[in-house]
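Throughout, a chain's letter reflects where its sequence line sits, starting with A, and its residues are numbered from 1.
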Amino acid sequence: MKLHEYQAKELLARYGVPVPNGKVARTPDEAEAAANELGGKVVVKAQVHAGGRGKAGGVKLASSAAEARAAAEALLGTRLVTHQSGPQGQPVNAVLVEEQFEIERELYMGVIIDNSAGMPIVIASASGGMDIEEVAEKTPEKIFRQAIDPTIGFQGFQARSLAFATGLDGDLNRPAVSLITALAKAFLENDGSLAEINPLAVTKDGRVLAVDAKFSADDNADFRHKALFELADRSQEDALEVEAKDAGIENYVKLDGNIGCLVNGAGLAMATMDAIQFEGGMPANFLDIGTQNDPAAVSAALKIIGADPDVKAVLINIFGGLARTDVIAQGLVDAIKGGLLPQPTVVRLAGTNVSEGMRILDESGLDLIRADGFAEAARKAVAAAS
Amino acid sequence: MGVLLDENTRVVIQGFGGAGQREARNCINYGTKIVAGVTPGRGGQEIEGVPIRNTVKQAVEEFGANVSLIFVPAAFAADAILEAADAGVPVAICITEGIPTRDMVGVKRYLQTSETTLIGPNCPGVITPMARARAGIMPPDVYLPGNVGVISRSGTLVYETVDQLTRLGIGQSSSVGVGGDPIIGTTQREALELFENDPDTAAVVMIGEIGGTAEQEAAEYIKTMSKPVVAFIAGATAPPGRRMGHAGAIIAGKAGTAQAKQTALMDAGATVSQSPSQIGETMQRVLKERGLA
């Protein structure tokens, strides 16, 4: 679950990370009032779940409250297209109005989970304001890491070493150590999957300040953080994905092609997409139905695929383990009879209760395209879509 | 005989609820010894003919359980894994999906001080067909005894792969589902090591997927292996930055792409199947070329 910049800054500030003075605004009036409060000279930043806002025109400087109002008017209600947002862009429903300050240099601080180490790691770099993966690739010597051992937690010497390594010494060292420690604490206590300050600024008046901030929390830990997860902004997600979640389908991702897919298991679902492309087609979505053992849930998932205007054919690929193929078959028959799935549909069933599943399809009298193996199913779906 | 499970396997099931009971039945029908179930507070009862105990320790002491199969819900699963390790169970297999990563950070660290091998979480389990030993949720009918080891991050894709092998008459020594989460007990590299050291395994199929660098780490080990490895990486067509079902399957950085993994595996000497429908045929060809068929 991703937070907006303003939400991430509020969270980090609670732990003691210094952030610029600022206020979130949802109307031009609010933006103007915020700018007045902050002394007029401000920066107005679109709040969207996509990086690359600056280059896309989503961050505007204003030297008066009137200019801040105009900047907010230009941004609010539009969709911001960045290199990460996809061609439709992300809706701008809020802007963050912040004080301006003079920056001496920009650094990077972040916390992620290192899968190989099996621990969170704090990453620091003196090259801020850039894509950290690019820095890691081109100049790996400029990246410094400290693992957080769960038995002892993040230690003072680790924060000091990261601060010194990135040139935060002298009078800057103490506030930098405090910032890094606060960032790590916020990550750990909120089940973070990513906490990032990029850039971290050293200002001309000698402060360290989080100029931009990102925070994502582990979706599996939502039961521990009710208030945090209520901050999720669903307007930033694809409408079909939101509908899927409401129907209890957690694992739906909209894609660019025209073959709708319903598969059980994430690996098989990815491999089905790969097989479609191998046969010359393109998937319209990723959908892992998981171990749904309720035909109504299967029908609900198929309704989402059927309602997608991009979908020209549907491929159902099920290898039953915990999931039962007869349940899938019943859900499919119900969906088609209910008019929810008008597209030509290719079905491949294997595994648990497959003979019962086949019998349900046979007795339905429906005109389904049947496939025995995986490749055959993909081939037939590509043919049906073209 | 195979890895992790053999004819001496005695399974305790932690979390003897709906899924636990159903899979206990399936395991027993397959021929596996399910010696006890653990549900705190229901010790002394018997469910579906399986004696229930309050703690894993009791199941070990009383019934000689040496494998724990875990179905405990996500919020409590880390605790269940730690209980199995504390009870000295040599192999713990965690099926549960959706365990918070932070919980697994603690489990992984604790297991460094323990003799217990953890498989999973978020995995289909382990099966050794020759011994009719199944500790997992896989459909047993598709498995055939033989000498090919199978390793997978995915559940259903491994059934598909095994089905392809079985239809070609290629049996399996064991099949190990390592799990789809970012932090797992046994990595693909470690599973390869188990098969390399298993005298009944002649070759290995490894099913990886996008995200992380576990396949690259496995590739480093493949360079040193005497046995041939056939690999497939799922998710070649997945868009970057999106989580594809598995918590671990998200492309972040170039190392996480299918192409980077395929290249690393090919450079290490593995044979990479480009299509998910040709994994079985690829293994058949490799076995023939190596004179192992």
Side-chain angles (χ1 to χ4, degrees), chain A residues 84 86 112-113 115-116 118-120 133 136-137 148-151 188 191-193 218-221 223-224 250-251 253 255-257 263-279 282-283 286 288 290-291 317-323 350-352 373-376 378, chain B residues 19 23 74-75 97-106 108-109 124 137-139 141-142 152-160 163-164 180 182-183 187 207 209-214 217 232 234-239 241-249 252-254 258 274-278:
Chain A
Q84 285 186 4
I112 57 163
I113 301 284
N115 295 353
S116 307
M119 292 178 193
E133 282 172 3
E137 197 183 331
I148 306 177
D149 187 318
T151 54
L188 296 173
D191 279 270
S193 51
D218 180 358
D219 291 321
N220 289 338
F223 63 92
R224 288 204 275 250
E250 289 293 329
N251 295 318
V253 179
L255 301 168
D256 296 334
V263 188
N264 69 320
L268 190 63
M270 277 188 274
T272 302
M273 289 161 46
D274 297 343
I276 288 171
Q277 200 160 63
F278 192 78
E279 298 295 339
M282 281 294 277
F286 166 94
D288 168 15
T291 50
N317 187 18
I318 302 296
F319 211 117
L322 268 185
T352 307
F374 201 158
E376 185 191 331
Chain B
E23 293 310 325
E97 180 176 359
I99 302 177
T101 303
R102 190 179 74 185
D103 296 1
M104 283 309 300
V105 168
K108 183 90 178 168
R109 187 72 175 92
I137 56 172
M138 61 286 280
D141 308 350
V142 299
S152 176
R153 268 168 85 174
S154 152
T156 49
L157 183 54
V158 78
Y159 314 155
E160 170 68 41
D163 188 50
Q164 288 177 22
I183 297 179
T187 62
I207 308 296
E209 63 190 35
I210 54 165
T213 54
E217 285 147 28
F232 173 74
T237 55
R242 301 301 308 272
R243 188 179 105 155
M244 306 306 278
H246 284 159
K254 284 188 183 136
Q274 295 297 327
S275 160
S277 61
Q278 292 169 358

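For the set B:G98, B:G155, B:S152, the count of heavy-atom pairs under 4.5 angstrom toward chain A peaks at B:G98. Looking only at heavy-atom pairs under 4.5 Å with chain A, the residue among B:P100, B:S277, B:A234 that has the most is B:P100. For chain B, the option among A:L255, A:D149, A:T151 with the highest count of heavy-atom pairs below 4.5 Å is A:D149. Chosen from B:Q278, B:K108, B:R102, B:E23, the residue pairing most often with chain A at heavy-atom distances under 4.5 Å is B:R102.
Taking the side chain as every heavy atom from C-beta outward, A:F374 and B:S275 never approach each other to under 4.5 Å. When side chains are defined from C-beta on, A:R224 counts as touching B:D103, because their heavy atoms get closer than 4.5 Å. At a threshold of 4.5 Å between non-hydrogen side-chain atoms, the residues B:I210 and A:M270 count as touching. At a threshold of 4.5 Å between non-hydrogen side-chain atoms, the residues A:F286 and B:P239 do not count as touching.
In this structure, the side chain of A:N115 does not engage the main chain of B:G212 through any donor-acceptor pair within 3.5 Å.
Contact annotation for A:D274: both backbone and side-chain heavy atoms come within less than 4.5 Å of a heavy atom of chain B. Using a 4.5 Å cut-off between heavy atoms, A:I276 does not touch chain B at all. Both the backbone and the side chain of B:E160 come within contact range of chain A, with heavy atoms under 4.5 Å apart. If you measure heavy-atom distances from B:A74 to chain A, you find no contacts under 4.5 Å at all. Looking at A:A275, both its backbone and its side chain come within 4.5 Å of chain B, counting heavy atoms on both sides. Neither the backbone nor the side chain of B:I207 comes within contact range of chain A; no heavy atoms are under 4.5 Å apart. Neither the backbone nor the side chain of B:A214 comes within contact range of chain A; no heavy atoms are under 4.5 Å apart.
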